[in-house]
Amino acid sequence: MIVVLLGAPGSGKGTQGGPLSAKFGLAHVATGDMFREHIKTGTELGQLAQSYLNSGALVPDEVTVRMVRERLQRPDATNGVILDGFPRTLPQATALDEALNDEGKQVDVVPCVSVSTDELLRRLGGRWICRASGHTYHIDSNPPKTAGVCDVDGSELYQREDDSIDVARKRLGIYFEQTGPVVDYYRGRGALVEVNGEQSIDEVFRDLAEALKARTEPTRAV
Ligand code: AP5
Ligand code: MG
């Protein structure tokens, strides 16, 4: 199963992508996390991507598409993937179709998590992330048991540089301008499933899981 998890910055893609991929036995492929890992380890790709991430701009399509194509070749992706943060532009969406076509696959379902702009800014402004594995918290709505420390692995929590209010606003603008057409692209193909992201984390997970199940289970006659 190939799942494209769409939603604006702060809508909860990362929060939901990990647990969903575990439940359905899919690889969680999050392009933002991949870029941040390259930056952390100082690769050539990381050096190229850094200024784009810090300023909230998109990394050029050809660089991003090459990175994702390589990732889809890894053994853990053969069962299927949840793509989080990709595709974000129409050229990325068509490049993904071509890459999947080459292997006789296609995008099966595209849940799109909707959240109002005010709530997105509130979530980005209060987000804390663990350095070791990217576990995500929110200072008000999903706080860690001990401030500044990850509940799961005890590592330090930090705030992303691109979550500052100015950069967060810029990222939202880019989402509506460049990723809006991607939402329409999948809606036109009948693959889009709208999910209300302004519910509790558990309720959003339930709705996403239902959207994935609906595309995988054969319809039963009554
Ligand atoms: P990326 O890392 O993908 O960031 P993003 O799309 O901006 O999304 P975020 O990670 O900010 O939000 P999220 O939806 O994952 O929300 P989260 O679950 O953390 O990309 C970063 C950068 O990389 C881009 O700007 C670009 O430079 C580059 N890049 C990446 N992909 C690219 C591409 N394809 N092409 C080109 N460039 C690319 O949740 C947010 C907060 O809300 C958390 O605090 C969480 O605890 C809280 N929360 C979550 N759900 C709920 C809920 N239901 N109720 C209350 N709080 C909640
Ligand atoms: Mg994320």
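Computed over heavy atoms, backbone and side chain alike; hydrogens, waters and symmetry mates excluded. In listed order, ligands and their atoms are each counted from 1.
- Among the atoms of Asp163, none of the N or O lies under 3.5 angstrom from an N or O of ligand 1.
- At a threshold of 4.0 Å, the pair Asp76-Arg74 does not count as salt-bridged, since none of the basic side-chain nitrogens sits closer than that to a carboxylate oxygen.
- Taking distance alone, with nitrogen or oxygen atoms compared against 3.5 Å, Leu124 stays at or beyond that limit from ligand 1.
- Here the options are Leu26, Val4, Val109, the test is side chain to side chain contact (heavy atoms under 4.5 Å, CB included), and the partner is Ile82; only Leu26 passes.
- Of the charged side-chain nitrogens involved, at least one lies within less than 4.0 Å of a carboxylate oxygen, so that Arg171 and Asp163 count as a salt-bridged pair.
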Contacts under 3.5 angstrom, residues 173-183 side chains, donor-acceptor by atom type, not counting sequence neighbours:
residue: Thr179; atom: OG1; partner: Arg88; partner atom: O; Å: 2.9

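- In this structure, Ile139 falls outside the shell of residues with a heavy atom less than 4.0 angstrom from ligand 1.
- Among Thr15, Leu96, Val115, the residue whose heavy atom sits closest to atom 18 (O) of ligand 1 is Thr15.
- For atom 15 (O) of ligand 1, the closest non-hydrogen atom of the protein is Gly14 N, 2.9 Å.
- Under a 4.0 Å criterion applied to the non-hydrogen atoms of Arg171, ligand 1 contributes the atoms 4 (O), 5 (P), 7 (O), 9 (P), 11 (O).
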Can you give me every donor-acceptor pair (side chain of residues 9-22, partner residue at least two apart or in another chain, under 3.5 Å) with its distance?
residue: Ser11; atom: OG; partner: Ala8; partner atom: N; Å: 3.4
residue: Ser11; atom: OG; partner: Ala8; partner atom: O; Å: 2.7
residue: Lys13; atom: NZ; partner: Gly7; partner atom: O; Å: 3.1
residue: Lys13; atom: NZ; partner: Ala8; partner atom: O; Å: 3.2
residue: Gln16; atom: NE2; partner: Ile201; partner atom: O; Å: 3.0
residue: Ser21; atom: OG; partner: Gly17; partner atom: O; Å: 3.0
residue: Ser21; atom: OG; partner: Gly18; partner atom: O; Å: 2.7

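- Backbone and side-chain nitrogen or oxygen atoms of Asp162 are examined, and none is located within less than 3.5 angstrom of a nitrogen or oxygen of ligand 1.
- Counting the atoms of ligand 1 from 1 in the order shown, those under 4.0 Å from a heavy atom of Ala57 are 26 (C), 27 (O).
- Residue Val59 has at least one nitrogen or oxygen atom sitting less than 3.5 Å from a nitrogen or oxygen atom of ligand 1, judged on distance alone.
- The contact set between ligand 1 and His138, taken as ligand atoms under 4.0 Å from a residue heavy atom, comprises 44 (O), 46 (O).
- Selection from Arg127, Met67, Arg88 by nearest heavy atom to atom 30 (C) of ligand 1 gives Arg88.
- Heavy-atom minimum distance, Val81 versus Val29: CG1-CG2, 4.0 Å.
- Compare Thr136, Leu53, Ile129 by their heavy atoms: the one nearest to atom 23 (O) of ligand 1 is in Leu53.
- Atoms of ligand 1 lying under 4.0 Å from any heavy atom of Gln92, numbered from 1 in the order shown and given with element: 33 (C), 34 (N), 35 (N), 36 (C).
- Within 6.0 Å of CD in Glu103 there are more than 12 heavy atoms belonging to other residues, nucleotides or ligands.
- Atom 38 (C) of ligand 1 has as its closest protein heavy atom Phe35 CE1, 3.7 Å.
- Residue contacts with ligand 1, taken as heavy atom pairs separated by less than 4.0 Å, do not involve Glu203 at all.
- At a 4.0 Å heavy-atom cut-off, ligand 1 touches Tyr137 through the backbone alone.
- Using a 4.0 Å cut-off between charged nitrogen and carboxylate oxygen, Arg122 and Glu119 count as a salt-bridge pair.
- Between Ser11 and ligand 1 there is a heavy-atom distance shorter than 4.0 Å.
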Step by step, would you call Arg215 with Asp108 a salt bridge (charged side-chain N to carboxylate O under 4.0 Å, His left out)?
-> CA-CA 7 Å; Arg215 295 295 164 128; Asp108 295 300; over 6 Å; no
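- No option in Gln92, Arg189, Gln106 other than Arg189 meets the side chain to side chain donor-acceptor pair (under 3.5 Å) test with Asp97.
- At the shortest separation from atom 48 (N) of ligand 1 among protein heavy atoms lies Arg123 CD, 3.9 Å.
- By the 4.5 Å heavy-atom criterion applied to side chains, Tyr137 and Cys150 are counted as neighbours.
- A salt bridge does not link Arg123 to Asp140: none of the charged nitrogens lies less than 4.0 Å from a carboxylate oxygen.
- Proximity of Arg160 to ligand 1, defined as any heavy-atom pair under 4.0 Å, is confined to the side chain (atoms from C-beta onward).
- Annotation: the span from Leu45 atom CG to Arg66 atom CZ amounts to 8.5 Å, rounded to 0.5 Å.
- Using a cut-off of 4.0 Å between Lys/Arg side-chain N and Asp/Glu carboxylate O, Asp166 and Arg169 are scored as not salt-bridged.
- To the nearest 0.5 angstrom, His135 atom NE2 is 12.0 Å from Ile129 atom CD1.
- Polar contact check, Lys13 against ligand 1: a nitrogen or oxygen pair lies under 3.5 Å apart.
- Between Ser141 and ligand 1, at least one N/O pair is under 3.5 Å apart.
- For ligand 1, one of its N or O atoms has an N or O atom of Gly85 under 3.5 Å away.
- Taking CZ of Phe86 as the reference point, atom CE of Met34 lies at 10.0 Å (rounded to 0.5 Å).
- When heavy-atom distances to ligand 1 are checked against a 4.0 Å cut-off, Thr64 comes that close only through its side chain, counted from C-beta outward.
- Residue contact annotation: Gln199 has a non-hydrogen atom under 4.0 Å from ligand 1.
- Protein heavy atom at the shortest distance from atom 12 (O) of ligand 1 is Gly10 N, 2.8 Å.
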Kindly indicate, with the supporting measurements, whether the criterion side-chain contact (heavy atoms from CB on, under 4.5 Å) is fulfilled by Ser133 and Asp153.
-> CA-CA 8 Å; Ser133 324; Asp153 54 36; 3.1 Å; yes
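- Residues Phe24 and Val113 share a single hydrophobic cluster, defined by chaining ILVMFWY side chains whose heavy atoms lie under 4.5 Å apart.
- Between Pro87 and ligand 1, no pair of N/O atoms sits closer than 3.5 Å.
- Residue Gly32 holds the heavy atom nearest to atom 1 (P) of ligand 1 of all those in Gly56, Gly32, Ser55.
- Residue Arg36 has at least one nitrogen or oxygen atom sitting less than 3.5 Å from a nitrogen or oxygen atom of ligand 1, judged on distance alone.
- If you look at Ala8 next to ligand 1, the close heavy atoms, those under 4.0 Å, all belong to the backbone.
- Looking from atom 16 (O) of ligand 1 to the surrounding protein, the closest heavy atom is Gly12 N, 3.3 Å.
- Applying the 4.0 Å criterion to heavy atoms of Thr31 picks out, from ligand 1, the atoms 30 (C), 31 (N), 32 (C), 34 (N).
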